[in-house]
Amino acid sequence: KNTYILFELAAGYSLFLRKESGEIEQLLPEVQASCSDFSKFSAMVKLVSFVPFTTADEALENMNAITKGEVTEFLTNFLTHNITTSKKNQAQLGVSDVALGQAINKQLGIPCVHNDAIHELTRWIRFHQSKFLPDHKESDLVQAQLGLSHGYSRTLMRLNVNRSDNMIIQAVCLLDQMDKDINTFTMRVQEWYSWHFPELRKIIVDRIQYCKLAVLIKNKSTLSSDTLESIQEIVGDEEKAQEVISTAAISMGMDFTEQDFQNIECFAQRVVRLAGFRSQLFTYLTDKMNTVAPNLAALMGEQIGGQLIAKAGSLTNLAKYPSSTLQILGAEKALFRALKTKTNTPKYGLIFHSGYISKASKENKGKIARFLANKATLCTRIDCFMETPNRVIGQILAEQVDARLKSFSTGEKTTSNQQIMEDAVQKYVESLGKKAKESAASADDAAEQKRLRKEEKKKRKLAQQAEETAAAEEVPAEEPKKKKKKKKNS
C-alpha cells in the first residue's frame, strides 16, 4: 500500500510518496541525524507533485478552508489528479490535521492516516522544503509565509473601527487597575503627609483634594490668609479653607526637612496627574460604549457594561450568553464552590455593583438581579445585531427596571413586556430622525417603481402575445398540396 503525504505550503500544495522511513516515530538519535541530512532523507520520501497558488486570495481561501477542516475545489483537483485508488493499487494519504483527513475521506474516498510517523515526516519535510523545490528560493517561500500569515490574521481579527469592542475591553481593564493604584497611592500620601499636618486628614475627606493641598501647602507654618483663595479653589468651600488655615496654626505635627517636602510634592503631583488621566479615560470609555453598546450603557452604566464585555471577551460572546449566565458573570469561583459544597449558588456577579441591586431590599435582591440580567441580555443582543443602535431602548428598559423595583415595595402592577417593547420600538423609529425616514421613504419609492416597471413589462408582453395570436387567426390556413402519383411504365 502506497502512503502519500500531503504537505501544505504558503506557496501551494505538495504531495510526497513515503518510501523507506524506518522507525522514524521512535525519535532515535541515529534516525534524527540521518533525517537532518537531505541526501539521506530524500531516500525516505519522494516529491510526487507540487502545484502553486496563482494568487494571494486563492492561498488565503485554501488556508481558511484547511483550518476549518474543509476541502476546496483546488485541493480536490490536485488530489484526484495525483492519487488513484483501486483494488490493485491501494493508497492512503497522510495528513497533519485529523479534521481535514476526515473531510478528504468523506468527499474523495481516499483513506487518510494521522500518526506519529506522519507527524515526524511532515516536520522534516518542512525542514527541507526549500531543497525539495529548487525552482523556489528560500527567501521567496519565507516571503509567501509572511504575506499569508498577515492576511490570515486580518481575517481572524475582523476589526471594525467604528464599532470595536476591543478598545472597550482594554479601557475598562486599565480603568479598574487605575482605581486600585490611585486608591493605594492616595492612602500613601495621606499617611506620609499626616506626620506633618495630621489634622488635615479629618478636614479634607476627598483624597485627590488632599493630594492637591499637600502640593500647595507644603510647610504648614507658611500658611496665611494670602493662600485662602488658592485653597478655596481646590476645596470649593470657603469655610473649609478657613478651617485649614486656622488649624495649621495650632497643628501638633512634626517638622519636615526641605528634602522631605520635595519628595512628598513630587509623589503627590504624580498622583494628581494619574487621577486626571483616569477621568480622561472614563470619558473615552463613555464615548466608546455609546458607539458600540449604547443600550447596555444606558441600562447598566458605562463601567459595568464594559466589565461585562471584558469578562465575556467580546460583545458578540456576551450576546450569545443566556440571562442566567450574565447574571452570575464574574462570580465563577463562588459558583463552583457552591456546586462543590452543595450550598446555595450566587445570585449575582458583576451586576451587583449596579444601583438597582443596592436599592432593593435583602429579600428582593435575587428577583431584581434576574430581572436586570434579562433586560441586560436583551440590550446586548440589540446592540450587537442592530445596524444603528442608540440609547432609546436601553433607557426605556431602565425605566421598566425602576418600575419593577418600586412595585416590590408598593405592590402596584407594572406594564406588560409586550406593551413596553412596542413603545420602545416606536420611539426608536421616531428617534432615527428625518434623514432615516427620508432614506426609508426613498427605498419604498424605489421598490414601488420597480414593481410598476415589472407590471408594465408584463402588460407589454401580454399585448404582444395577443397581437401575434390575432394575426395568426386572420391568415387562412393553406391546403396541403396533393402528391401526384407517378405512372408506372409497362
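Heavy atoms only: backbone and side chains are in, while hydrogens, waters and symmetry mates are out.
The backbone N or O of Cys112 sits nowhere less than 3.5 Å from a side-chain atom of Asn105 that would complete a donor-acceptor pair. Remark: side-chain polar atoms of Asn364 are not paired, donor with acceptor, to backbone N or O of Lys367 under 3.5 angstrom.
The cationic group of Lys375 lies under 6.0 Å from the six-membered ring centre of Phe371 and within 45° of the ring axis, placing it in a cation-pi geometry.
Surrounding CD of Gln143 are at most 12 heavy atoms belonging to other residues, nucleotides or ligands under 6.0 Å away. The number of heavy-atom neighbours closer than 6.0 Å to CG of Asn344, taken from other residues, nucleotides and ligands shown, is 12 or below. Annotation: Phe352, atom CZ; neighbour count of heavy atoms from other residues, nucleotides and ligands within 6.0 Å does not exceed 12. By the 6.0 Å contact criterion, CD on Gln145 is enclosed, its count of non-hydrogen atoms from other residues, nucleotides or ligands being greater than 12. Counted within 6.0 Å of CD on Gln269, heavy atoms from surrounding residues, nucleotides or ligands total more than 12; the atom is thus considered enclosed. Within a 6.0 Å radius of CD in Glu363, other residues, nucleotides and ligands contribute more than 12 heavy atoms. For Glu70, the CD atom counts as densely surrounded, since its 6.0 Å shell holds more than 12 non-hydrogen atoms of other residues, nucleotides or ligands.
Ser49 and Tyr4 are not linked by any side-chain donor-acceptor pair at a separation below 3.5 angstrom, with hydrogens and angles left out of the test. Between Gln400 and Asn417, the side chains place a donor N or O and an acceptor N or O closer than 3.5 Å (distance only, hydrogens not considered). Side-chain N/O atoms of Asn374 and Ser323 include no donor and acceptor closer than 3.5 Å. Using modelled atom types, one finds no donor on one side chain facing an acceptor on the other under 3.5 Å when comparing Ser314 with Thr316.
For the atom pair Asn82 CG and Leu93 CG, the distance stands at 10.5 Å (nearest 0.5 Å). Distance check, rounded to the nearest 0.5 Å: CE of Met178 to SG of Cys173 gives 13.5 Å.
Nearest approach of Leu141 to Ser130, heavy atoms of both residues: CD1-CA, 4.0 Å. The shortest heavy-atom contact between Leu216 and Ser230 is CD2-CB, 3.8 Å.
Two residues are said to be in side-chain contact when any heavy atoms from C-beta on lie closer than 4.5 Å; Ile245 and Ser225 fail this criterion.
Under a 4.0 Å N-O distance rule, the pair Glu455/Lys459 does not qualify as a salt bridge. The pair Glu265-Lys218 meets the salt-bridge criterion, with a side-chain N (NZ, NE, NH1 or NH2) lying under 4.0 Å from an Asp/Glu carboxylate O.
The aromatic ring centres of Phe7 and Tyr13 sit 6.0 Å or more apart.
The side chain to side chain contact (heavy atoms under 4.5 Å, CB included) search around Thr55 returns Asp57, Glu58, not counting sequence neighbours. A search for side chain to side chain contact (heavy atoms under 4.5 Å, CB included) contacts involving Leu60 returns Asn64, Leu148, Tyr152, Thr155, not counting sequence neighbours.
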